[in-house]
Amino acid sequence: NAGVTQTPKFQVLKTGQSMTLQCAQDMNHNSMYWYRQDPGMGLRLIYYSASEGTTDKGEVPNGYNVSRLNKREFSLRLESAAPSQTSVYFCASRPLTVPRNTEAFFGQGTRLTVV
Amino acid sequence: DQQVKQNSPSLSVQEGRISILNCDYTNSMFDYFLWYKKYPAEGPTFLISISSIKDKNEDGRFTVFLNKSAKHLSLHIVPSQPGDSAVYFCAARTQGGSEKLVFGKGTKLTVNP
């Protein structure tokens, strides 16, 4: 049971380059999330998708775009990377239950460095 | 404006003693709270949660207390073990069907042998 899989695990980009971070979950979860973790800042929500076909901005969406490709996959795209986007990115997913009190499951993270 | 606050960046305790990690929130619409544990180079893993209709939830060595009037929750670990050394994040979800999960900045717990 793979859970939440993120690719790549590490990436170095030059300023201005673009890339897509991939995330896939095999737990049939409805909701998916992208967070970034920076020292002293905790986990900040970039975008989330409550269900297939919907996406919403989180706390820090600027400079990012997302695509909920299908129920399994939720990708995060940096169109023009900036050094301020150097961070560890985490994807998470969460099932839809009644009541809706369930935890989110996280991937292992993607460590991105923009030089 | 940070809605979930963990004001202690770090905490150090002796093995066998109690660890108390605190979390405050500002949004009265939060109705479900979670604690996550994170080791270096790994993703966060779920630890324990509590619904706003309860004031305590216990799971083995871990107990979460919720004080809604004070908008405060705490995680108690008894007894603390060196393997508990990690960063602990408090998170909250808004009622009304929102799927947003908001996290605090985390508290780094060190349990000394």
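Residue numbers begin at 1 in each chain, while the letters A, B, ... track the order of the sequences.
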Same apolar cluster: [X] and [Y], side chain cutoff 4.5 Å:
X      : Y     : result
B:L47  : B:V4  : yes
A:L112 : A:V4  : no
B:I50  : B:I20 : no
A:Y35  : A:Y64 : no
B:L75  : B:F65 : no

Where do B:R93 and A:R94 come nearest, in terms of heavy atoms and distance?
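That closest heavy-atom pairing would be CD-NH2, 2.8 Å.
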
Minimal non-hydrogen separation, B:P44 against A:F106, with atom names:
O-CB, 3.5 Å

How many angstroms lie between CD in A:E59 and CD in B:Q3, if you round to the nearest 0.5 Å?
7.5 Å

Just how far is it from atom CG of B:L101 to atom OH of A:Y33, taken to the nearest 0.5 Å?
4.5 Å

My understanding is that only residues two or more places apart in sequence, or in another chain, count here; which of them pass side chain to side chain contact (heavy atoms under 4.5 Å, CB included) with A:Q108?
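Partners of A:Q108 by the side chain to side chain contact (heavy atoms under 4.5 Å, CB included) criterion, ordered by chain and then number, come out as B:E42.
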
Which bit of A:Q37 is near chain B, if near means a heavy-atom gap under 4.5 Å: side chain, backbone, both or neither?
side chain

A:L43 versus chain B, the contacting section by heavy-atom distance below 4.5 Å:
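Both parts, backbone and side chain.
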
Highest number of heavy-atom pairs under 4.5 Å with chain B among A:R44, A:M41, A:R111 belongs to A:M41

Residues 76-89 of chain A vs chain B, non-hydrogen distance cutoff under 4.5 Å, contacting residues -> none

Please check if the number of heavy atoms outside B:R17 that lie under 6.0 Å from its CZ is greater than 12.
no

Identify which part of B:K108 has an atom lying under 4.5 Å from any heavy atom of chain A, answering side chain, backbone, both or neither.
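Nothing of B:K108, per the 4.5 Å heavy-atom cut-off to chain A.
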
Mind checking whether B:F46 and A:F105 have ring centres under 6.0 Å apart?
no

State whether the side chain of B:Y36 and the backbone N or O of A:E103 hold a donor-acceptor pair below 3.5 Å, judged by distance alone.
no

